[in-house]
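Heavy-atom basis, side chains included; hydrogens, waters and symmetry copies ignored.
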Amino acid sequence: MQDFVHLHVHTQYSLLDGQASVARLVDKAMKNGMKGIAVTDHGNMFGIKEFTNYVNKKNSGPKGEIKDLKKRIAGIEAGTVECEDKEAEIAACKAKIVEAENKLFKPIIGCEMYVARRTMDLKEGKPDQSGYHLIVLAKNEKGYHNLIKLVSHAWTRGYYMRPRTDRSELEKYHEGLIVCSACLGGEVPKRITAGQFAEAEEAIQWYKNLFGDDYYLEMQRHKATVPRANHECYPLQVNVNKYLQEYARKYNIKLICTNDVHFVDEENAEAHDRLICLSTGKDLDDPTRMLYTKQEWMKTREEMNELFADIPEALSNTLEILDKVEYYSIDHAPIMPTFAIPEDFGTEEGYRAKYTEKDLFDEFTQDENGNVVLSEEEGQAKIKRLGGYEKLYRIKLEGDYLAKLAFDGAKRIYGDPLSEEVKERLNFELYIMKTMGFPGYFLIVQDFINAARSELGVSVGPGRGSAAGSAYCLGITKIDPIQYDLLFERFLNPDRISLPDIDVDFDDDGRGEVLRWVTNKYGQEKVAHIITYGTMATKLAIKDVARVQKLPLSESDRLAKLVPDKIPDKKLNLRNAIEYVPELQAAEASSDPLVRDTLKYAKMLEGNVRGTGVHACGTIICRDDITDWVPV
């Protein structure tokens, strides 16, 4: 049997089109012995963080084993770990590392993009309403960042009916990417289907010239086996595959096989069918509605070997792509925006001339009273964590300016001279902020809060949560921490490394004004809202499925009302609700197939991502163009 990995996979983040949760996809692939999978949602990268986080969790065992073995090897070589035969022990450890590495599951970050037929530029002629599908996979960190650019620009610059890219964008951001010709919606398959063979070959040569050996021709075989399914797809695929094999030989391009995965198991096909009805606004019995082949489940390696037994290289080439993809992390330390500090106070250049690296090391390894609290090794580790000496100069400048503002504010509030209690507390809090690397955060927050109050006339709340002390002196909060004995350590302390979190309330009408002010100050490309995902809750799943199946509204309402608000000692979901409520058990066993199917498929669709929204107030402010780091 040829090994195989899936490279064309839609999760539930292919909104109302994918019916597969990230966890179930990864679990099934790992259980089947696959060494990785790609996630290629339609036009977006919504599921990438959940995908990589879940894979990292699954890989934690082998990674821990590798770390321990490498530590043991280092100890043997340094002489701190005793063993009878050093060379034999090191060789054994290295062999175990290889074994552990083979257990690692590789996440491939990708996207099924839409490539405009002419250009994504909305100003040039009539825009294309759709685009050719293209599977784009990141093979390394550079490719990941280029994929972010492509996807972000498709939404922010090329959106027309759907997020579109074009050839000029692909040329600009092609480095580190692997591309595949996609399904029947891809340019090459569409040209072949239309009999436009010269245009098909032109497209193949263009992609081959740009991506070289990282361009693959993609074959699919979705032969429908049930009556109510798309039976037109398979003959088209047979015809396209015949030409793809010819072109592969002619242009020396490798073939791969994929299954256009939209749900996890074959039994989920009917639930997915109902999801498509929701997406397209059609009823289940509508003769004109969109149909899938119902072959779009995550097929096992055995099933894919059976499908493509005559073209084994198309299976093995998926492993070639997997091997090309590097392990890399998409996580990053907090990227703080640069707050504009008045030049007459100081500049980074001036601080570099004034302070040596030894000065910075001493300052960041001592407490607020000048006592050394970190060893040389601990100090260097801390400086590395903060971004190295290059970043430390910026942090010190921001910390010193923050201290000036805080002490100026304290004198206005408490009077001048300050009491020892106030000075001691200020010094301690400012020391913690600086040595944790967060003075810039406080400068930015106090800036837009004070602007809201003094410039924009926006009503600002007194502050919530545990922010205290310096925040009061800076005008961020309006509650005296000394009068009410509020603990700063609840808000920020070195033993609980996390970003500061200050809850701020603006009046409803003024919130937009503050956001506009922030956007104007930092630049539109550096400020963005945070997305939210709406999922199909238990009652909504029942109502959605009931609607497309034409279950009478009265019965749909009755079933939804049977779902309790909570279940003792159990999570509220439809499966648990049926166990808890006898009437739902009776409905599940009903003689009416509409009632039975409503609950059956609602259970499968419950929790599926149904749509996106905008967080009520969450906003990102980035140091750089946001699309340098995350997709928008």
Side-chain angles (χ1 to χ4, degrees), residues 1-10 25 29-30 32-40 102 104-113 133-140 143 147 170 174-189 192 200-201 203-222 237-261 295-296 298-327:
M1 183 178 78
Q2 291 287 343
D3 211 345
F4 167 82
V5 296
H6 281 284
L7 299 172
H8 191 136
V9 180
H10 297 282
L25 287 166
M30 293 184 79
N32 187 236
M34 294 182 197
K35 295 176 181 176
I37 57 168
V39 162
T40 56
N102 288 332
L104 291 173
F105 188 83
K106 188 179 286 185
I108 304 174
I109 295 172
C111 180
E112 184 169 19
M113 301 196 71
H133 294 210
L134 185 72
I135 295 295
V136 186
L137 309 172
K139 67 175 179 178
N140 50 37
L147 182 59
L170 290 168
H174 73 277
E175 190 180 342
L177 295 176
I178 298 168
V179 296
C180 311
S181 57
C183 54
L184 290 176
E187 180 172 8
V188 174
I192 293 170
E201 291 193 55
I204 287 172
Q205 291 177 77
W206 188 87
Y207 280 105
K208 171 71 174 177
N209 289 338
L210 182 61
F211 292 97
D213 291 338
D214 289 329
Y215 176 57
Y216 293 82
L217 294 172
E218 178 178 347
M219 297 188 299
Q220 295 180 343
R221 287 173 174 171
H222 295 163
Q237 289 175 335
V238 170
N239 179 57
V240 166
N241 290 346
K242 179 183 73 175
Y243 284 97
L244 290 179
Q245 290 176 76
E246 288 180 16
Y247 294 147
R249 288 189 293 270
K250 182 175 180 179
Y251 294 106
N252 193 27
I253 298 170
K254 291 183 178 178
L255 293 163
I256 61 164
C257 58
T258 68
N259 207 66
D260 193 355
V261 176
Q295 293 291 308
E296 290 85 7
M298 178 182 263
K299 292 179 176 168
T300 62
R301 293 186 299 163
E302 293 78 10
E303 287 171 320
M304 291 301 292
N305 269 264
E306 186 178 343
L307 265 181
F308 289 93
D310 57 322
I311 318 172
E313 68 272 19
L315 294 154
S316 60
N317 285 338
T318 64
L319 268 292
E320 176 181 288
I321 290 178
L322 182 79
D323 290 339
K324 284 182 177 181
V325 175
E326 300 172 6
Y327 284 104

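Using cut-offs of 30° and 60° for the angle between ring planes, the His6 and Phe4 rings count as perpendicular. Taking the six-membered ring where tryptophan is involved, the planes of Phe211 and His174 are perpendicular, since the angle between them exceeds 60° and thus also 30°. Between His10 and His8, the angle of the ring planes goes over 60°, which puts this pair in the perpendicular group of the 30/60° scheme.
Side-chain contact between Leu25 and Val261 is present, with heavy atoms from C-beta onward closer than 4.5 Å. Side-chain contact between Thr300 and Glu303: present, with at least one pair of heavy atoms (C-beta onward) separated by less than 4.5 Å. Within the 4.5 Å cutoff, the side chain of Asn241 has no heavy atoms near those of the Leu255 side chain. The shortest distance between side-chain heavy atoms of Val39 and Pro107 does not fall below 4.5 Å. Residues Val188 and Tyr243 have side chains not in contact (no heavy-atom distance under 4.5 Å, counting atoms from C-beta outward).
Across all their heavy atoms, Glu218 and Leu244 have their closest contact at O-CD1, 3.3 Å. Heavy-atom minimum distance, Asp3 versus Thr318: O-OG1, 4.4 Å.
Tested against Leu7, the residues Ile321, Asn317, Ile178 include a single side chain to side chain contact (heavy atoms under 4.5 Å, CB included) partner, Ile321.
Note that CG of Asp214 and NZ of Lys139 are 3.5 Å apart. Values are rounded to the nearest 0.5 Å.
Heavy atoms of other residues, nucleotides or ligands lying less than 6.0 angstrom from CD of Glu313 number more than 12. Residue-environment remark: CD (Glu175) stays at or below the threshold of 12 foreign heavy atoms within 6.0 Å.
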Should Ile311 and Cys257 be marked as a side chain to side chain contact (heavy atoms under 4.5 Å, CB included) after you check the CA-CA gap, both sets of side-chain angles, and the distance that decides it? CA-CA 9 Å; Ile311 318 172; Cys257 58; over 6 Å; no
